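Below is one structure, written out as structure tokens; the observations come after it.
Quick caveat: nothing in here was measured; it's all calculated off a predicted structure. Chain letters run A, B, ... following the sequence lines, proteins first, then strands; residues in each count from 1. What's counted below: heavy atoms across the whole structure, side chains too, no hydrogens, waters or symmetry copies.
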Amino acid sequence: MLNLRFIQENPELVVEKLKKKNFDASAIVSQISDLYKSKNEIQVKADQFKSEMNKLSKEIGQLFREGKQEEANQAKARTSELKDNIKQLDDDFAQIDEQVFALQVQLPNLPADIVPAGKTPEDNEVVKTGGEQPNLGADKLPHWELAEKYDLIDFELGVKLTGAGFPVYKGKGSRFQRALINFFLDEAQKAGYLEVQPPLVVNEDSGFGTGQLPDKEGQMYHITEDNLYLIPTAEVPVTNLYRDVILDAKQLPVKNTAYSACFRREAGSYGKDVRGLNRLHQFDKVEVVQVAHPDQSYAILDEMVAHVESLVKKLGLPYRILRLCGGDMSFTSALTYDFEVYSAAQEKWLEVSSVSNFESFQANRLKLRFREEGQKKPQVAHTLNGSALALPRIVAALLENYQTADGIKVPDVLVPYCGFDMIN
RNA sequence: GGAGAGAUGGCAGAGUGGUCGAAUGCGGCGGUCUUGAAAACCGUUGAUCUUCACGGAUCCGGGGGUUCGAAUCCCUCUCUCUCCGCCA
């Protein structure tokens, strides 16, 4: 959520910057501007009346205490008009306030200056490519066939239990998942992140805080009976740890990591893109989250990107880092880097991580602030997060890229976590 | 699932119609004292909106009502805790 005063003071800037996200903000911004002005006028007027009312009430109290009934009753008569005025102004204010808010939440975050223009994923900018693509023979298999061949993942069984997109991991497949989770958590810890285990179900306030609500309800599983939501990512509960919090500047940056299952409805997806592990309704992910000082958030974004890069490197996967174009960025992000790994049998790039700086967009919603040493007024912090990493597509790429005639080789870094070095 | 209690500042906790943005204690910050620290003592210490500023307004879980006036009374919702039942 953009700050109201900021919108008011920089209307052209907001409109101009949002063009890069292919969002025409001109109408909304000018409406906000008008409403904000009259909102302030109303508040000033209402405050004056209220001030008078407060004074009068005190006088009346004083008169009663002094036993001056007559005068008190006379004074009382004068309050009714004030009361009507206040009521009217308060109602108007509430109405305008609601309108402004409804408009305000429609505005996406402003993209950072280095965000490339563009509309589709084709316009994303490849900023780095690393790792080596393996040379697999002609008999290479896609991961869903490997998963079946070695009895690692049972998609049919998941359909029986729940539905498509809820696979059952078995034996070494299950063990392999668990190894990756532990590896990722350990790496995050080494990088200075504090591990937390959040709830997998959150309330409406939390959904609003990170930007899933309102409007993106459809992406989350909703437990209507209790009005709770299954988390689409650990970003939601972990970032919301700091909702309504004022930190000391010296506590920044806050670094948290969490493993969680993630649940996404992903309505409307179909076809070969969702084959196997490519797109699931439930999957595992290790997330890293930081709360940062605004002066440091972009340096921290780079640090987070470097951390994710170190993970794919250690796993020996060919990867590339993309700077997302305005059209492909999320509503809430100011700058996002996506990581893709090359899936050698599917012969395509799979997105495995998304690392973003939200600047103050989430923090405004969360009321997440910090106080500079010796300063009285708190200021809004910046939030960032990234996948480090999401499991399914990493598993897909590892299975495919490490397949041999004798089975699937386990990357060296994972051997101690797995307890085996070959899947066969 | 049944019964009861409660929600007040960073925390604990008083306040039950006006003098209450709120006692007191703890914690935090500043100071006196000290070689330094502790102790003791003194001072200070919520957020938001609005105004160039002085100032003004709002907030005692959320919403609504009664009243000239509500943390305090009424209605309603949400949440938390305790006991019983069930249970990993």
Would you kindly give the [atom1]-to-[atom2] distance between [X] and [N], to the nearest whole Å?
| X | N | atom1 | atom2 | value |
| --- | --- | --- | --- | --- |
| A/N203 | B/rU80 | CG | P | 10 Å |
| A/Q375 | B/rG28 | CD | P | 22 Å |
| A/K83 | B/rU66 | NZ | P | 7 Å |
| A/D244 | B/rA47 | CG | P | 14 Å |
| A/K39 | B/rU50 | NZ | P | 7 Å |

Heavy atoms only, 4.0 Å cut-off, all strands: where does [X] land among base, sugar-phosphate and nothing?
| X | value |
| --- | --- |
| A/N73 | nothing |
| A/L56 | nothing |
| A/K376 | sugar-phosphate |
| A/Y36 | sugar-phosphate |

Quote, to the nearest angstrom, the [atom1] distance that separates [N] from [M].
| N | M | atom1 | value |
| --- | --- | --- | --- |
| B/rU76 | B/rC26 | C1' | 36 Å |
| B/rU44 | B/rC49 | P | 26 Å |
| B/rU16 | B/rG69 | C1' | 16 Å |
| B/rG25 | B/rA14 | C1' | 11 Å |
| B/rC84 | B/rG15 | P | 29 Å |
| B/rC11 | B/rA47 | P | 14 Å |
| B/rG18 | B/rC74 | P | 16 Å |
| B/rG6 | B/rC77 | C1' | 16 Å |

Closest nucleotide among [options] to the [X] side chain:
| X | options | value |
| --- | --- | --- |
| A/I60 | B/rG46, B/rU50, B/rC68 | B/rC68 |
| A/S57 | B/rG18, B/rA47, B/rU51 | B/rG18 |
| A/P378 | B/rU50, B/rA47, B/rU58 | B/rA47 |

Original post:
According to the Watson-Crick and G-U wobble definitions, with both distances under 3.5 Å, which nucleotide is paired to B/rU48?
Top reply: B/rA57
Original post:
Parallel under 30°, tilted from 30 to 60°, perpendicular over 60°: which one fits the rings of A/F101 and A/F208?
Top reply: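 Rings of A/F101 and A/F208: tilted, 30 to 60°.
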Original post:
Parallel, tilted or perpendicular: which describes the rings of A/Y221 and A/F263, with under 30° parallel and over 60° perpendicular?
Top reply: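 Perpendicular, since the angle between the ring planes exceeds 60°.
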Original post:
In terms of the nearest nucleotide of RNA chain B, which residue is placed more toward the 5' end: A/I246 or A/N40?
Top reply: A/I246
Original post:
Taking for each residue the nucleotide of RNA chain B with the nearest heavy atom, is it A/Q43 or A/D226 whose nucleotide lies nearer the 5' end?
Top reply: A/Q43
Would you say [X] reaches [N]'s phosphate, i.e. side-chain N/O to OP1/OP2 under 4.0 Å?
| X | N | answer |
| --- | --- | --- |
| A/N54 | B/rU58 | yes |
| A/R5 | B/rC49 | no |
| A/R369 | B/rA47 | no |
| A/K55 | B/rG69 | no |

Subject >> A/E145/A/K149 ion pair, N-O < 4.0 Å >> reply: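 Salt bridge: no.
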Original post:
Is A/K190 salt-bridged to A/E187, cutoff N-O under 4.0 Å?
Top reply: yes
Under 3.5 Å, which donor-acceptor pairs link side chains of residues 159-170 of chain A to any protein atom two or more places apart or in another chain?
residue, atom, partner, partner atom, Å
A/K170, NZ, A/D151, OD1, 3.2

Original post:
Does any donor atom in the side chain of A/R275 or A/N278 lie under 3.5 Å from an acceptor atom in the other side chain?
Top reply: no
